[in-house]
Engineer: 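Next up is a structure, given as structure tokens.
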2 protein chains.
Amino acid sequence: MPLPQTEMPGRLQAHFAERGIRITQQRRAILQVMETASKHLDASQLLRKAKKIDASVDRSTVYRTLRLLKRQGLIDELDLMHLNGEKHYYERKLNRDHIHMACLRCGKIMEFVSDVFETLKGEVEKDCRFHIVVSRLEIGGYCASCSK
Amino acid sequence: MPLPQTEMPGRLQAHFAERGIRITQQRRAILQVMETASKHLDASQLLRKAKKIDASVDRSTVYRTLRLLKRQGLIDELDLMHLNGEKHYYERKLNRDHIHMACLRCGKIMEFVSDVFETLKGEVEKDCRFHIVVSRLEIGGYCASCSK
DNA sequence: GCTATTGTCGCAACTGGTCGCAACTGCAAT
DNA sequence: ATTGCAGTTGCGACCAGTTGCGACAATAGC
């Protein structure tokens, strides 16, 4: 029983190869970080980690590679309600879309998977005749322990 | 039959007064623009329009006032899926949350109101014991005429 | 293996948004 | 009308992200 495709190690590199996207030293370093990282990396963390593998990696290459990954549907970009300024966070796209909830007081990030979300997307596709490629639902508020 | 509160002219100023938030020349100019503007203004458009009313308005005052309005729950901030770079768009909050759909090909922005969305938020509040303050659902994809 | 092609890279300059600070202003109390 | 002062402002410096361009490197064809 194989793992779901998006969970396989080296999957991002493989995806590039399959689609004839050039694999460079710098991209290899960046993909490697994305693949082994825990969730919610921001661009500067990603740059720092990638530089440890290949010191020549530049800021703009990180951003260009992130854009590429977004367009290929391999990662999701999150704001996390701008809790920490304007920066963005990235995570590998898994099989199931999930909602991100950010606590405005303690900063905790929670995730939630819901069938109702899938229903909602279905409704949009049908009622608006709109073909969904990416979707992002972010909620800001107070978590159970902060809302007392 | 009065209009819904959030539609009333001068409503933003009135809200400030009610909550004892200081009304300055610069804020008056910015609120006036927000109140009379059509939807989806970005910060630089807002700055340009506000400067026509009060030339002393500075970039950072615009951003600070937007942050204030966000925190007061009077406006919503949108990315519109970063179709035009990184900038954000702002609109006055109406009574009903709505979803924004951005066509990745023609750039058209559509809005959609759904009971399912309300259900979903209810589910999050209940299942996660999370008190929602703001929510943002943005969808990128292809509109009816572009997906042919 | 060598070369031509074409895509990618690093760099520097730019836009969008934030922050610290000294100067200023709205407003309430006199 | 004057004063006092917390809250607000403009400014300059900064951080996050993008872009144009000449140099360079990954691949395809030989």
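Computation of the quantities below employed the complete heavy-atom set of this structure, encompassing side-chain atoms and omitting hydrogens, waters and symmetry-equivalent molecules. Order of the sequence lines sets the chain letters (A, B, ...), proteins ahead of strands, with each chain counted from 1.
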Engineer: Between B:Leu69 and B:Phe16, is any pair of side-chain heavy atoms under 4.5 Å apart?
Structural biologist: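 Yes, close enough: below the 4.5 Å cut-off.
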Engineer: Using modelled atom types only, decide if a donor and an acceptor are shared between the side chain of A:Lys51 and the backbone of A:Val57 within a distance under 3.5 Å.
Structural biologist: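 Yes: the side chain of A:Lys51 pairs with the backbone of A:Val57.
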Engineer: Can you tell me if the side-chain N/O atoms of A:Thr24 get under 4.0 Å from OP1 or OP2 in C:dC9?
Structural biologist: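 True: A:Thr24 side-chain N/O within range (under 4.0 Å) of C:dC9 OP1/OP2.
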Engineer: Tell me whether A:Glu138 contacts the main-chain N or O of A:Leu80 through its side chain, where contact means a donor paired with an acceptor under 3.5 Å.
Structural biologist: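 Side chain of A:Glu138 to backbone of A:Leu80, a donor-acceptor pair under 3.5 Å: yes, one is there.
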Engineer: Does B:Arg48 come within less than 4.0 Å of B:Asp42, counting only side-chain N to carboxylate O?
Structural biologist: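 No, this pair does not count.
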Engineer: Got a sec: does the NZ of A:Lys121 have more than 12 other heavy atoms crowding it under 6.0 Å?
Structural biologist: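 Above 12, so yes.
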Engineer: If you find the nucleotide of DNA chain C closest to A:Asp54 and the one closest to B:Arg22, which residue's nucleotide is nearer the 5' end?
Structural biologist: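 Nearest nucleotide further toward 5': that of A:Asp54.
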Engineer: Can you list everything that forms a ring-ring contact (aromatic ring centres under 6.0 Å, His included) with A:His98? Sequence neighbours excluded, please.
Structural biologist: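 For A:His98 the ring-ring contact (aromatic ring centres under 6.0 Å, His included) partners, ignoring immediate neighbours, are A:His100.
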Engineer: How does each nucleotide of nucleotides 17-24 of chain D score, in 5' to 3' order, for protein heavy atoms under 4.0 Å: base (B), sugar-phosphate only (S), or none (-)?
Structural biologist: BBBB----
Engineer: More 5' along DNA chain C: B:Gln25 or A:Ala55, using each one's nearest nucleotide?
Structural biologist: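 Checking each residue's closest nucleotide, the 5'-ward one belongs to A:Ala55.
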Engineer: Salt-bridge test for B:Glu35 and B:Arg28: reply yes if a basic N is under 4.0 Å from a carboxylate O, no otherwise.
Structural biologist: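 Looking at B:Glu35 and B:Arg28, the cut-off is not met.
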Engineer: In whole angstrom, give the distance that lies between atom CZ of A:Arg28 and atom P of C:dT8.
Structural biologist: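 Value for this atom pair: 14 Å.
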Engineer: For nucleotides 28-30 of chain C, tabulate all protein N/O to nucleotide N/O atom pairs closer than 3.5 Å, reporting atom names and distance.
Structural biologist:
none

Engineer: Tell me whether A:Arg67 is salt-bridged to A:Glu77, with the criterion being a basic N under 4.0 Å from an acidic carboxylate O.
Structural biologist: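 Not counted as a salt bridge, because no side-chain N and carboxylate O are separated by less than 4.0 Å.
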